[in-house]
Student: 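Below is the structure I would like to discuss, written out as structure tokens.
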2 protein chains.
Amino acid sequence: MDEEFKLNTIAAADMPASDGSVDQEASSKHRRLSPAQRREDFIRKATTLFAEEGFDAGTRELARKLGVTQPLLYRYFPSKDDLIREVYKRVYLDRWQPEWDDMLGDRTRPIRERLQHFYDAYTDAIFDRDWIRIYLFSGLKGAAINKWYVSIVETRILTRIIEEYRNEAGLPAQEPAAAELELAWLLHGGIFYYGVRKHIYDSPVLEQKNRAISNALDVFLEGIASVFGTAVKTRSTAIRKVSGPEGQD
Amino acid sequence: MDEEFKLNTIAAADMPASDGSVDQEASSKHRRLSPAQRREDFIRKATTLFAEEGFDAGTRELARKLGVTQPLLYRYFPSKDDLIREVYKRVYLDRWQPEWDDMLGDRTRPIRERLQHFYDAYTDAIFDRDWIRIYLFSGLKGAAINKWYVSIVETRILTRIIEEYRNEAGLPAQEPAAAELELAWLLHGGIFYYGVRKHIYDSPVLEQKNRAISNALDVFLEGIASVFGTAVKTRSTAIRKVSGPEGQD
DNA sequence: ATTTAAATTTATCGACCGATAAATTAACAG
DNA sequence: CTGTTAATTTATCGGTCGATAAATTTAAAT
């Protein structure tokens, strides 16, 4: 893990969409694009192609989807691996929102509210077919950036969740124990798996994502309160029933 | 999902191991194996090869690992896809233990004990590098057997967990609501993700798997007890601290 | 020892892969 | 309209893929 990665600091670049299956545009036969635009299109289409078929998808199919020929790719990227690396960057780096760091640590608000706010926003960003499939494909490939990102999740999200919980519960501040981190992984992995079921298994999930998260947080916070032997005001609403579509309160 | 799958009913076949990187055996140059043994070797080695490199791994590399030539494969399998289907069967069907069904429904024991027993056994079977990687690779490929298995998890494990919890908590028996099932997925996915971190991300996890499961069950059962507005004796041990390696009780 | 059946290898095919070089053509400057 | 630059295409190479056919070799039967 020598290569250095750096999380997004500003909003991702916003360029024209061009999402159709074969981009032949309106006008004549061979339209010319600016190098920046063409390069952007390659990365964009490569992301969705690799997300669907894996990184073994062919460069010819990619070119076909862009309505260009295959060798053109090599005017913008020295090799297919370089293209893949650019896709990694888009997925892993550009989608991270700097404000997420602040959301979890904002002690002016109760932790329950912070967690809901964070996971609503975080899953809005990552529960995306392209993102989650590229994430798993790259994980299976053993890509360095995947391992790096896992460590980021641990330090910037999970460690913080434990720290903030201990603070709110009046427990002494300390480095989270391995077993405590593992509990944070339980929550995080449980929520993440919602996205896996939806976009990898193509399985039906509870339609209201925020409901699923809300219930998950209730269970988690009430659960660790009991397990830690501490009490913390956690529930967002009055105790009634598991809030789902059938009991629309 | 027209193809019918059938879960294992008896223990998986037990044939000689042959795990070395290149099986050239002791004796002479070209050893001949019985068709059954050779076929078995192909499936076995294909499982670990595909688990590592995905289903795009070449048939020549597979043959090389077995110390035979590539066309020999086609004497035992009509096509590579047929070999892959056999691998699927081994992973998805043969590892399922029929007794798991009974474990969760055995009302002579408290639900906490049943859950620990089940997840200890279940994860012993599936937290295996070959299993979990083949599982995700096939999921990403959209294999029918993967979707089928997800439905099996839902009906045979998660639905039952909710039913048994409701029973133990004295709640009226009823078809689990979608939001309740989603909570069971939270537990299941959280536990499953332990295996993903270990075998897909190659990330360090809490060494004692049963500890991680035990803590997960404590949080889950205490949590839903609060959320459901019910109380159920759940803790396995006295309330002390999150049981981890540091507080070895 | 000879014969026979089948397990295994050698040789090869057509398709596709990533990549390179050279020819072409669109767009723009004057 | 002409000339120049570079975006794009055409043509192609060497390698690998899954798969097939034919030759070979092992092992067992007689």
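So that the names make sense, note that chain A is the first sequence line, chain B the second, and so on, each numbered from 1.
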Student: Kindly say whether A/Val91 contributes a backbone atom to a donor-acceptor pair with the side chain of A/Trp131 at under 3.5 angstrom?
Tutor: yes
Student: Quick one: side chain to side chain donor-acceptor pair (under 3.5 Å) partners of B/Ser203, sequence neighbours excluded?
Tutor: none
Student: For a quick check, with a 4.0 angstrom heavy-atom cut-off, what is the B/S/- contact string for nucleotides 14-23 of chain D, read 5' to 3'?
Tutor: ---BBBBB--
Student: Are A/Lys141 and A/Phe55 in a cation-pi contact, defined as NZ or CZ under 6.0 Å from the six-membered ring centre and within 45° of the axis?
Tutor: yes
Student: Taking atom P of C/dC16 as reference, at what distance in whole Å does atom CG of A/Leu62 sit?
Tutor: 17 Å
Student: Are A/Tyr119 and A/Phe192 near enough that their ring centres are under 6.0 Å apart?
Tutor: no
Student: Would you mind reading off the distance between A/Asp82 atom CG and C/dG18 atom C1', rounded to a whole angstrom?
Tutor: 13 Å
Student: If only atom types and distance count, is the side chain of B/Lys198 paired as donor or acceptor with the main-chain N or O of B/Pro204 below 3.5 Å?
Tutor: no
Student: Quick one: B/Phe77 CZ to C/dT8 P, roughly how many Å, whole number?
Tutor: 13 Å
Student: Quick one: do B/Trp185 and A/Tyr193 satisfy side chain to side chain contact (heavy atoms under 4.5 Å, CB included)? Show the steps, please.
Tutor: CA-CA 8 Å; B/Trp185 268 117; A/Tyr193 209 61; 3.7 Å; yes
Student: Report, one pair per line, the protein and nucleotides 5-7 of chain D atoms (nitrogen or oxygen only) whose separation is under 3.5 Å.
Tutor:
from	atom 1	to	atom 2	distance (Å)
D/dA7	OP2	A/Arg75	NH1	3.4
D/dA7	N3	A/Arg32	NH1	3.4
D/dA7	N3	A/Arg32	NH2	2.8

Student: Taking A/Glu40 for its side chain and A/Gln37 for its backbone only, find out whether a donor-acceptor pair lies under 3.5 Å.
Tutor: no
Student: Is the backbone N or O of B/Leu140 less than 3.5 Å from a side-chain atom of A/Arg133, with the two atoms forming a donor-acceptor pair by type?
Tutor: yes
